[in-house]
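Here's the structure we're looking at; comments come further down.
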4 protein chains.
Amino acid sequence: RDIQREPDTRKVPIDKVGVKNISYPIVVQDKSKLEQHTVARINMYVDLPHHFKGTHMSRFIEILNQYRGEISILSLDTILQEMKERLEASCAHMELEFPYFIEKQAPASGARGLMEYQCRMLGTLGDSADFVLGVTVPVTSLCPCSKEISARGAHNQRSAINVQIRYRDHVWLEDLIEWVESCGSAPVYSLLKREDEKAVTEQAYDNPMFVEDIVRAVTLKLRQQPAIQWFRVECENFESIHNHSAYALVESGTR
Amino acid sequence: RDIQREPDTRKVPIDKVGVKNISYPIVVQDKSKLEQHTVARINMYVDLPHHFKGTHMSRFIEILNQYRGEISILSLDTILQEMKERLEASCAHMELEFPYFIEKQAPASGARGLMEYQCRMLGTLGDSADFVLGVTVPVTSLCPCSKEISARGAHNQRSAINVQIRYRDHVWLEDLIEWVESCGSAPVYSLLKREDEKAVTEQAYDNPMFVEDIVRAVTLKLRQQPAIQWFRVECENFESIHNHSAYALVESGTR
Amino acid sequence: RDIQREPDTRKVPIDKVGVKNISYPIVVQDKSKLEQHTVARINMYVDLPHHFKGTHMSRFIEILNQYRGEISILSLDTILQEMKERLEASCAHMELEFPYFIEKQAPASGARGLMEYQCRMLGTLGDSADFVLGVTVPVTSLCPCSKEISARGAHNQRSAINVQIRYRDHVWLEDLIEWVESCGSAPVYSLLKREDEKAVTEQAYDNPMFVEDIVRAVTLKLRQQPAIQWFRVECENFESIHNHSAYALVESGTR
Amino acid sequence: RDIQREPDTRKVPIDKVGVKNISYPIVVQDKSKLEQHTVARINMYVDLPHHFKGTHMSRFIEILNQYRGEISILSLDTILQEMKERLEASCAHMELEFPYFIEKQAPASGARGLMEYQCRMLGTLGDSADFVLGVTVPVTSLCPCSKEISARGAHNQRSAINVQIRYRDHVWLEDLIEWVESCGSAPVYSLLKREDEKAVTEQAYDNPMFVEDIVRAVTLKLRQQPAIQWFRVECENFESIHNHSAYALVESGTR
């Protein structure tokens with residue numbers, strides 16, 4: 001007796017039902033066509049018509065296993081299609097969040113280090129398809145007001161710029177990160193030698209930005225990319241002089 | 001020289017700008033007209049027209065201090081109005097998240113214990129006003145399929161039902177929690193004696209519910225309340241037989 | 001049939017058994033003898049001799065309810081004594097973590113704001129008693145190396161100084177916080193006006209400190225307090241130029 | 001001018017100083033000699049004599065980069081040795097925490113799924129070496145008291161067993177996980193078909209265990225392994241009938 005397939009008379013269709021918070025190793029193809037191994041948090045949902053009592057949770061995991069080692073932006077559509085079919089749904093959702101690593105050179109010494117960026121992919125396939133690519137990019141922000149009013153120095157801090165985009169043409173994570181990373185007072189690095197620390201300190205001091213300036217700079221930068229049709233950018237400054245954050249958000253374009 | 005008030009020529013209005021993640025003691029009036037002291041995480045944002053360079057972050061904190069000890073659903077409108085005026089904005093947002101405590105009696109012994117519920121208030125005041133009340137209610141869920149196919153026992157687990165509502169007439173947190181708490185296989189308690197543990201175990205076994213059943217039960221329950229015009233209900237089951245969650249979501253009504 | 005009291009033949013005594021992660025409203029008496037309402041995360045454990053199968057979990061909650069509204073440093077000993085008796089244990093442990101608020105004046109304007117400090121109390125009562133008081137104090141740190149090598153500016157960031165102490169004579173949280181807060185490049189505030197931001201920026205710039213300097217400064221400061229017999233101080237700098245933290249730890253005195 | 005190498009006159013040696021919370025891709029060799037790609041959170045510390053002002057933070061990252069792709073239990077000693085030399089320290093510490101995946105077969109259908117286990121390695125190299133291996137293993141626990149007193153059913157829930165061991169001879173993560181996983185009421189799986197769900201439900205019902213029983217079972221199991229010289233086992237039951245956890249801890253052996 002398959003309880004999940006029994007009829008339900010409550011007339012309540014369910015928007016999303018499925019599995020949440022699965023940790024799973026994935027392979028992401030990077031811009032230079034190399035494969036990067038990482039670990040994702042994954043959610044998978046479908047809709048459920050009002051007349052069915054339940055969905056089949058184990059099928060989500062079976063689909064995940066079937067595409068093991070092949071999960072990527074390219075395969076997301078195929079996976080979503082498979083979810084719709086095997087779960088007899090009209091709409092499927094898949095969400096992945098994972099750390100992604102890019103080798104970055106220090107500005108003066110050229111020393112190389114690995115930077116981590118937290119990335120997100122949100123795919124939906126119903127009558128039409130929807131895909132959102134997201135990344136959180138850490139930068140330094142230096143306060144213009146503090147610099148202006150102080151006889152010396154200026155408070156600065158780590159900021160997290162969080163962007164989500166919808167695109168017309170494929171955008172590489174590497175490119176998106178590069179665009180966003182250029183919009184703070186200075187980038188953040190994993191490895192800095194003395195000459196680099198000097199360079200970064202001076203760059204930030206010469207380039208003061210409010211949290212408002214950062215989201216505006218990202219807005220202008222992303223509007224220049226014809227491939228991007230919609231974006232939302234948030235910046236959170238973990239203020240060095242406060243125990244709370246400064247925050248700003250701009251949403252722009254057509255979903 | 002007030003840098004924040006300087007003109008900005010980039011033509012990028014900002015949707016939200018302000019302070020985030022402030023921890024602050026608040027007082028919440030409960031249904032029996034008593035005051036409950038608790039601690040909230042608070043975010044406060046306004047919009048910023050394109051021609052201004054920055055907002056004045058310290059004014060958010062000044063407003064918070066001004067209403068210290070008076071922050072509540074009732075004062076939220078006044079605070080949002082004050083934010084609009086002092087920050088010369090056309091739209092203000094305030095978000096609070098806080099633990100709320102209700103004394104609850106065990107089902108058989110009548111023993112009393114304090115239950116914690118994580119609550120949220122999201123207020124927006126632009127041309128019109130918007131208010132969302134939210135709460136996360138833990139319940140027990142017992143799997144109907146596991147019960148049906150097993151010769152004895154049935155897997156069960158803690159679930160978190162998360163609801164957000166918009167209402168026409170004021171809804172007390174106590175009432176919202178009571179409605180939602182009745183929609184699992186059994187409620188969750190802080191204090192249970194032996195006879196209570198028996199009662200709760202049997203109640204859950206006699207009342208098996210999928211994650212789908214729970215969001216449907218909440219949907220039917222909230223639709224019966226004329227005061228509620230919109231809601232979103234999510235349920236996450238922290239599966240006792242898996243290392244991931246089962247999840248379902250229904251959104252209903254007019255925003 | 002009381003299963004918990006049945007004999008156990010495996011000869012394995014249990015070091016700690018009890019309830020964990022209870023959210024509970026508490027009242028803390030502050031230095032000015034006023035009461036502060038806050039919300040704690042609480043763990044309560046006892047030891048269990050090898051010949052008993054289990055402890056009685058509901059009694060922990062009953063004890064908590066019995067002392068509702070009276071939980072404090074002063075009552076901790078009484079609660080631990082009660083735990084030993086009602087649970088027939090030879091050793092009892094209670095751990096509380098809670099946000100604590102202190103009104104603080106901005107350095108130039110004198111504007112008042114509420115600062116949150118995350119506090120901890122760890123009490124153990126066996127043959128002898130042990131009590132550890134802990135607090136996390138946010139400060140600003142400004143890098144001496146960055147200042148020295150850069151033509152202008154210096155990177156700085158929020159740091160979290162975490163101290164734990166054992167004392168001979170009672171130490172108020174207010175005093176402990178004041179000692180620690182003076183050991184960064186500058187304190188952190190919730191409310192700063194323009195003149196304050198100037199003062200704090202310049203203070204930090206004039207007072208550069210490595211993470212090593214901060215834990216050493218706290219070490220010297222706490223060693224001056226005859227009431228303190230042991231301490232452990234950690235500092236974590238959320239580096240504004242990196243995506244990771246700098247960290248240092250000193251432990252000193254006799255447990 | 002190398003500020004870090006300047007003399008310090010405060011006579012305060014520092015127990016640990018270094019970098020914290022670095023996210024880094026690593027490769028772990030599994031028992032079947034295959035390599036597993038995963039992502040670790042890494043902390044690296046050394047001690048600092050009282051007469052030096054500071055350590056050189058960038059060298060930690062350089063060492064990490066030097067051993068990129070080779071970080072493992074086997075190389076940990078080499079890395080710690082390198083840290084001592086390059087940072088002129090007498091003691092070095094390295095901590096890694098990472099998800100580790102093992103393919104596991106469902107008990108009845110034999111269906112295969114990937115289980116995630118959160119692992120930890122803590123290495124210290126001073127005059128002597130110390131190494132701690134840790135893993136968190138999720139299991140199902142079913143309450144003996146609830147089963148005994150209830151006419152039908154029994155409350156059960158996911159539990160997290162956290163073990164740390166020191167060993168004389170190398171212990172594979174796969175073996176440690178297998179020992180621990182056998183100590184709950186039933187194991188937890190990522191993929192279960194209907195016949196598996198029946199098997200697991202009945203296994204848990206036939207094998208009721210208190211949180212005390214679980215840590216005792218792990219204790220007996222680990223004492224049987226001659227390779228293990230010390231261990232600490234904790235179990236946390238995320239109670240399905242409460243909003244808090246039940247918890248137990250046993251420490252055994254010689255450090």
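Below, each value reflects all heavy atoms present in this structure, side chains not excepted, and no hydrogens, waters or symmetry copies. Quick note on labels: first sequence line is chain A, next is B, and so on, each numbered from 1. No experiment lies behind these values; they were computed from the predicted model shown.
Although no hydrogens or angles enter the test, the distance criterion places a donor-acceptor pair under 3.5 Å between the side chain of C/D15 and the main chain of D/E251.
Using a 4.5 Å cut-off between heavy atoms, C/F210 touches chain D through its side chain atoms alone. For chain D, the nearby parts of C/I14 are the backbone and the side chain; heavy atoms of each come within less than 4.5 Å. Heavy atoms closer than 4.5 Å to chain C are found in the side chain of D/E236, but not in its backbone. Proximity to chain C (any heavy atom under 4.5 Å) is restricted, for D/V211, to the side chain, taken from C-beta onward.
The candidate from C/R10, C/R223, C/E239 with the greatest count of non-hydrogen atom pairs under 4.5 Å with chain D is C/R10. Contacts with chain D were tallied for C/I3, C/V17, C/L249; C/L249 has the most, counting heavy-atom pairs under 4.5 Å. Ranking C/D2, C/I149, C/V19, C/D213 against chain D, the residue ahead of the rest is C/D213, based on heavy-atom pairs under 4.5 Å. Interface remark: of the candidates C/S245, C/A248, C/S23, C/S245 forms the most heavy-atom pairs closer than 4.5 Å to chain D. Among the candidates D/L220, D/D8, D/N243, D/N21, the residue making the largest number of heavy-atom pairs closer than 4.5 Å to chain C is D/D8.
Considering OG1 of C/T9 and CZ of D/R216, their distance stands at 9.5 Å, rounded to 0.5 Å. In this structure, C/H244 NE2 and D/I22 CD1 are separated by 5.0 Å, a value rounded to the nearest 0.5 Å. Rounding to the nearest 0.5 angstrom, the gap separating the CD atom in C/Q4 from the CD atom in D/E148 is 10.5 Å.
Within residues 125-145 of chain D, the residues having any heavy atom closer than 4.5 Å to a heavy atom of chain C are D/P144, D/C145, listed by residue number. Chain D is approached within less than 4.5 Å, heavy atom to heavy atom, by C/Y45, C/L48, C/P49, C/H50, C/F52, C/K53, C/G54, C/T55, C/M57, C/I61 from residues 37-62 of chain C, ordered by number.
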